[in-house]
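By convention in this document, chain letters (A, B, ...) are assigned in the order of the sequence lines, proteins followed by strands, and residues within each chain are numbered from 1. This is a predicted model, so every value here is computed, not measured. Atom set for the values below is all heavy atoms of this structure, side chains included, hydrogens, waters and symmetry mates excluded.
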Amino acid sequence: MVLRFAPSPTGPLHIGGVRTALYNYLLARQQGGRFILRIEDTDQTRFVPGAEAYIIQSLSWCGITFDEGPHVGGPNGPYRQSERKDIYAQYAHQLVEQGWAYYAFDTEEELEEMRQRFEAAGMVSPQYNSITRTYMKNSLTLPLQEVQERLRTQPYVIRFLMPRGREVRFYDEIRGWVSFHTKELDDKVLLKSDGMPTYHLANVVDDHLMGITHVVRGEEWLPSTPLHVLLYEGFGWEMPKFAHLPLILRPDGGGKLSKRDGDRLGFPVFPLWWQDPSSGEVSLGYRERGFLPEGLVNYLALLGWHPSGEQEVFTMEELIAAFDLSRVSKAGARFDYEKARWINQQHLRRRSVADLVPQVRVLWEARELPPISDTQLEALIQLARERASTLPEIVDAVRFFYAPPTHPLPETLSAKLHSPVLALLPTFLLELEQVSEHTEPIVETTLKGWARTHSLPLGKVLLTLRLLLTGEESGPSLYAILVLLGAAEVRRRLQIALPVYGVSQRL
RNA sequence: GCCCCGUUCGUCUAGCCCGGUCUAGGACACCUCUCUUUCAAGGAGGAAACAGGGGUUCGAAUCCCCUACGGGGUACCA
């Protein structure tokens, strides 16, 4: 089994592309096959510098690796279509010789004129086909001598000669039998006037030359598959199996997911950070938004595919074992960021705390928070992880640690302070400082004991203390907060806070 | 317009190929209760769908047809 992922380097790879690559990868690894990266850069006008490197880095971050490709080499190279130009020209001419294609000399203006003429005559979207081609300048209509003259002196394209009156049937591994009639198809350009092939030619030639056995690609290719089938026939090559994946749709409204939807709805559509080279505009990716690669991969795997059981959280290894093309859905799938977050949360919990330390540290330092030891960071992560779906949320959840509140608190919060607790708090501080060992159980016992001796309701005690220390009314366990802050810091914060609320007793 | 593909809870989907076991299952989100100092997390429960219409059949979410709706394609873009 040989599979490939064949993106075009016209910009950053978006998550739809990541999913296509993932499904191909899963299949290749499951079957012990090979996985090839091929860069389809045949449109020179749309080339975006950096896009190829971005694609490789993104997939690598996701854990998707290739056996062959421009970055790793291999026996079937080169892996950039722009470097294979001569190969395609040779095959295109072969098709002409065998009567499957022809030369066309029409200029852009002539093409446009033809379209307008036929539109005026009532055709909705005129194509270059068995009817219109007879009115155009090509090797089918021009005398042989003129054709040879033009071939020598002017630019030309090679068009596929769409046969008449045929039904093209092919089996799609996801959709079953699909058929098209050739009368609906046009004479697609195979070789452009700049000598580069179009997608259709390059794709078929490369898939054959590279020994691709399964073509797994997006549904947008379904309508051009009959052309590809005919090309295989023209060349006399064995066809690969085809599987067309459902598209990823926008969370609301209609159409497929686009970068704009992400910007508008507040979620990333790219795996990694990307800066548009022409506009300079920066887009954050899933990595920057604090997703774990296995979280993104797991969610994407589930968008359009469903395992036979009810398991939803998968590692890459498990996905490789469970994936099955026949269980891929036919209908487009709406993107759901909430579910992606949930899946990521599941993976966040499966990681060991020690594993997360370096990643959280990066965020910690990026926010220019005070220096912190690994041990302390581990304790904070332990505490925050349960209430976070992404990495940055871990840092957010321990604000109390690095961002002392400013007093007085906003009215809505200060109203919740309990005066009797306020007044007696200095005595608790003394008790806390007497504690032999600062661990959660001991601190908890101390605080509860203190509340009992002073007949203070525990709920009020905890809320008041939490508000004074953190400025928030909810968050991690207050006992854990007390331990992490340490008696000295608790004293410091209370010394600042208490006087503000009228407790003047010296501390 | 035309061609192709599709259509089960708000969303991702199971079930459909091989009609009865489907009073349609799971998950996210939502609601309620529970645990808890709080917020999460956890536990328990709830609300929520076979697009519509015709067939075929003793029986249809499952098979057939039509309609509607959605998506894709219709470039010297991929």
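A distance of about 37 Å separates the P atoms of B:rU67 and B:rG26, rounded to the whole Å. Taking atom C1' on both B:rU8 and B:rA51, the two are 10 Å apart, rounded to the nearest angstrom. On the P atoms, B:rG55 is 15 Å away from B:rA61, given to the nearest whole Å. When the C1' atom is compared between B:rA14 and B:rU62, the two are found 13 Å apart, to the nearest whole Å. To the nearest whole angstrom, the two C1' atoms, one in B:rA68 and one in B:rC28, are 29 Å apart. As rounded to the nearest Å, B:rG70 and B:rU34 have P atoms that lie 45 Å from one another. Nucleotides B:rC33 and B:rA47 are separated by 15 Å at their C1' atoms, to the nearest Å. On the P atoms, B:rG59 is 15 Å away from B:rG20, given to the nearest whole Å.
Between A:Val216 and A:Leu3 the shortest side-chain heavy-atom distance falls below 4.5 Å. Residues A:Phe314 and A:Ile343 are not in side-chain contact: their nearest non-hydrogen atoms beyond the backbone lie 4.5 Å or more apart.
Set against B:rG6, B:rA29, B:rU11, the side chain of A:Asp336 has B:rU11 as its closest nucleotide.
By the 30° and 60° cut-offs, the orientation of the rings of A:His244 relative to A:Phe242 is parallel. Using cut-offs of 30° and 60° for the angle between ring planes, the A:Trp221 and A:Tyr199 rings count as parallel. Ring orientation note: the planes of A:His93 and A:Tyr103 are tilted relative to one another, at an angle of 30° to 60°.
Across all strands, A:Ser179 comes closer than 4.0 Å only to sugar-phosphate atoms, never to a base (heavy-atom distances). No engagement by A:Gly176 is indicated, since no non-hydrogen atom pair under 4.0 Å with the nucleic acid exists. Backbone-only contact: A:Arg327 has heavy atoms under 4.0 Å from sugar-phosphate atoms and none from a base.
Within residues 394-404 of chain A, no residue places a heavy atom under 4.0 Å from RNA chain B.
We find that CE of A:Met162 is positioned 13 Å from C1' of B:rC3, with the value rounded to whole Å. For A:His306 and B:rC16, the NE2 to C1' distance is 15 Å, given to the nearest whole Å. Spacing between atom CG of A:Leu303 and atom C1' of B:rC28 amounts to 12 Å, rounded to whole angstrom units. Atoms NZ (A:Lys330) and P (B:rC12) sit 16 Å apart, rounded to a whole Å. Atom CD of A:Glu312 and atom P of B:rA27 are 8 Å apart (whole Å). Counting to the nearest Å, the C1' atom of B:rC4 and the CZ atom of A:Arg217 are 14 Å from each other. What separates CZ of A:Phe323 from P of B:rU13 is a distance of 12 Å, to the nearest Å. The distance from atom CD of A:Glu310 to atom P of B:rC28 is 12 Å, rounded to the nearest whole Å.
Pair assignment for B:rC35 gives none, since no Watson-Crick or G-U wobble pairing has each distance under 3.5 Å. Searching all strands for a Watson-Crick or G-U wobble partner of B:rG6 with both distances below 3.5 Å returns B:rC69. A 3.5 Å limit on both hydrogen-bonding distances identifies B:rG1 as the Watson-Crick or G-U partner of B:rU74.
Side chains of A:Gln382 and A:Glu378: no donor on one and acceptor on the other come within 3.5 Å.
The ring of A:Phe267 has its center no closer than 6.0 angstrom to the ring center of A:Tyr286. Here A:His208 and A:Tyr232 keep their ring centres 6.0 angstrom or further from each other.
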- Note on the structure: Reading nucleotides 34-49 of chain B from 5' to 3' and marking B where a protein heavy atom lies under 4.0 Å of the base, S where only the sugar-phosphate is that close, and - otherwise, the string is ---BBBBSS-------
- Sugar-phosphate or base contact per nucleotide [nucleotides 66-78 of chain B; S, B, -; heavy atom under 4.0 Å]: -----SSSS-BBB
- Item | salt bridge (Lys or Arg N to Asp or Glu O under 4.0 Å) between A:Lys339 and A:Glu312, worked out | CA-CA 11 Å; A:Lys339 182 127 188 190; A:Glu312 292 213 274; 3.2 Å; yes
- Task: Begin from the C-alpha positions of A:Arg334 and A:Asp336 and carry the test salt bridge (Lys or Arg N to Asp or Glu O under 4.0 Å) through to its verdict.
- Result: CA-CA 6 Å; A:Arg334 256 178 220 286; A:Asp336 180 357; over 6 Å; no
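Listed by first and then second residue, the side-chain hydrogen bond (donor to acceptor under 3.5 Å, both in side chains) pairs that reach into residues 460-473 of chain A are A:Lys416-A:Glu473, sequence neighbours excluded.
Within 3.5 Å, a donor on the side chain of A:Lys339 pairs with an acceptor on the base of B:rA27, or the reverse.
Checked against salt bridge (charged side-chain N to carboxylate O under 4.0 Å, His left out), A:Lys192 has no partners two or more places apart in sequence or in another chain. Under the rule for a ring pair (Phe, Tyr, Trp, His ring centres under 6.0 Å), the partners of A:Phe66 that lie at least two apart in sequence or sit in another chain are A:Phe35, A:His71.
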